[in-house]
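Throughout, protein chains are lettered first and strands after them, A, B, ... in sequence-line order, and every chain is numbered starting at 1.
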There are 2 protein chains.
Amino acid sequence: MAGKRVLVVDDDVKTVELVKLYLNRDGYRVLTANDGLEALRQAREAHPDLIVLDLMLPGMDGLDICRTIREESDVPIIMLTARATDEDKLAGLGLGADDYVTKPFSPRELAARVRAVLRRLPGERGPDEIKHGGITVNFRSHEAFLDGNPISLTPVEFKLLGVMVKEPGRVFNREQLIEEALGYDFEGFNRTIDVHILNLRRKLEPDPSHPRYIRTIYGAGYKFLEAGRDT
Amino acid sequence: MAGKRVLVVDDDVKTVELVKLYLNRDGYRVLTANDGLEALRQAREAHPDLIVLDLMLPGMDGLDICRTIREESDVPIIMLTARATDEDKLAGLGLGADDYVTKPFSPRELAARVRAVLRRLPGERGPDEIKHGGITVNFRSHEAFLDGNPISLTPVEFKLLGVMVKEPGRVFNREQLIEEALGYDFEGFNRTIDVHILNLRRKLEPDPSHPRYIRTIYGAGYKFLEAGRDT
DNA sequence: TCCAAAATTAACAATTTCTTAATATTTGTG
DNA sequence: CACAAATATTAAGAAATTGTTAATTTTGGA
């Protein structure tokens, strides 16, 4: 993951610079363009891994740019717009935008969305079903099982488990879990995660006070234990 | 790393001199400015590696300066301010400040933050796992192993070992270890590190009284022995 | 709109870790 | 070898983190 390239297109230089700053901080290489033609040129020549595209552009409309780029490649696009109507949203998504951010936006949130879109890129989507130990998570049917028996999870619980189960052994801190399970626009208390973890454990741990699947890493976060390991 | 340049901007001459003294001591070359216009001129002409910027300036507001500088470069900025409200903090960070210190501040802490910001600049992060001799440190899973067997470390112990293991053979003095493992806002006793090192040794040294991995350098600090060396 | 389920927050308890201080040991030096 | 300075060790109290419960707010559907 050595510095993916992100093309940021907006006619407002300040906006572009602000976004660039935040993306740089996340380790991305940032290309910029201030109008539609320049955006097209960059998209064709540099083949960025993702494009952040303002809907309102001088000369050529953002929707046209989006459509044109879409005809030439599958690069993910995050739309940026002042308008917030559902029609715009649908139009943008219909044209192949992967996400949608309305102005004024927090650069922090945009950066989170860029991370999210790029993260779910490689290999499109993972397998429909993942098994580890006695836990089975089926993303297609949105079901979870413990030793073959279905367990009923709330949406947040399902996402939490899903995120951790995809990378067994990896420690996720609360901020990471919030970003994945509660959404990057969540502004609340990060210990909310604790309660969801607690509820998850009650549903899937044989002995919730001695967790076998979801382990706490003191001072760091939580992780789903890789299968077979018991330490 | 030959003397990075830091621009310090504050209308109070004493403050500037105090900060300059501490930064000089750390080996930085320090430029100074007492008002907004001078700050802008310096920023444009000298291209410093980092700017310490007071929020309250005569003539031009610090936020305006910050915004203007941001339009012209990606130089990291540490905000300095008497106000401490969350809105100010957000405004500053939204404008691209990299860190925030509220007055009155300890010059020691400011210097530490300058080091921290400059350190995380080259960015990215190292490998997920590092091995030396019988020691393995996995940053992804937040685990450490001795000859393949997991050893359970506290957060501070893990950070300490992690820092040293990344640069085997390098001596770290107590202040450096405190900055990395306890945080640059730590105000406590120097010798706290000794206890953590002791506890680390108990967990990972086959014979803690004859350390093989974490060696004491009398009068200097500690180092993680490079693999294969035994002296 | 109203209800039920879910999510979030707040408060307090339980646990783990950190820090300090006091004492012992080791190291370097004249 | 003796002395001073630096480091090691121990144990206890302080601080931080997490677990848990319960009350409140929000959400989504009938």
Which nucleotide in the set [options] lies at the smallest distance from any side-chain heavy atom of [X]?
X: Y218(B); options: dA8(D), dA5(D), dT9(C); value: dA5(D)
X: F189(B); options: dT9(D), dT20(C), dT8(C); value: dT20(C)
X: V195(B); options: dA5(D), dT20(C), dT9(C); value: dT20(C)
X: D194(B); options: dT8(C), dA8(D), dT20(D); value: dA8(D)
X: S209(A); options: dT27(C), dT18(D), dT20(D); value: dT20(D)
X: V156(B); options: dA11(D), dC18(C), dT8(C); value: dC18(C)
X: R202(B); options: dT10(D), dT19(C), dT9(C); value: dT10(D)

Remember a base hit wins even if backbone is also touched, and classify F158(B) as base, sugar-phosphate or nothing at under 4.0 Å, heavy atoms.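 Nothing, no heavy atom under 4.0 Å.
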
Sugar-phosphate only, base, or nothing, as touched by I197(A) at under 4.0 Å among non-hydrogen atoms: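 Counting heavy atoms under 4.0 Å across all strands, no contact is made by I197(A).
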
Do the charged groups of R113(B) and D185(B) touch, with an N to O distance under 4.0 Å?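 Result for this pair is no, no salt bridge flagged.
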
Taking only Lys NZ, Arg NE, NH1 and NH2, and the carboxylate oxygens of Asp or Glu, determine whether K166(A) and E180(A) approach each other closer than 4.0 Å.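 No, no charged N to carboxylate O under 4.0 Å.
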
When you check the phosphate oxygens OP1 and OP2 of [N], does a side-chain N or O of [X] lie under 4.0 Å from one of them?
X: R191(A); N: dA11(C); result: no
X: H196(B); N: dT19(C); result: yes
X: T192(B); N: dT20(C); result: yes
X: R201(B); N: dT9(D); result: no
X: T216(B); N: dA6(D); result: no

Would you call the rings of F158(A) and F139(A) parallel, tilted or perpendicular, taking 30° and 60° as the class edges?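 Ring orientation of F158(A) relative to F139(A): perpendicular.
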
Got a second to check how far Q176(B)'s CD is from R170(B)'s CZ, nearest 0.5 Å?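 It is 5.0 Å, given to the nearest 0.5 Å.
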
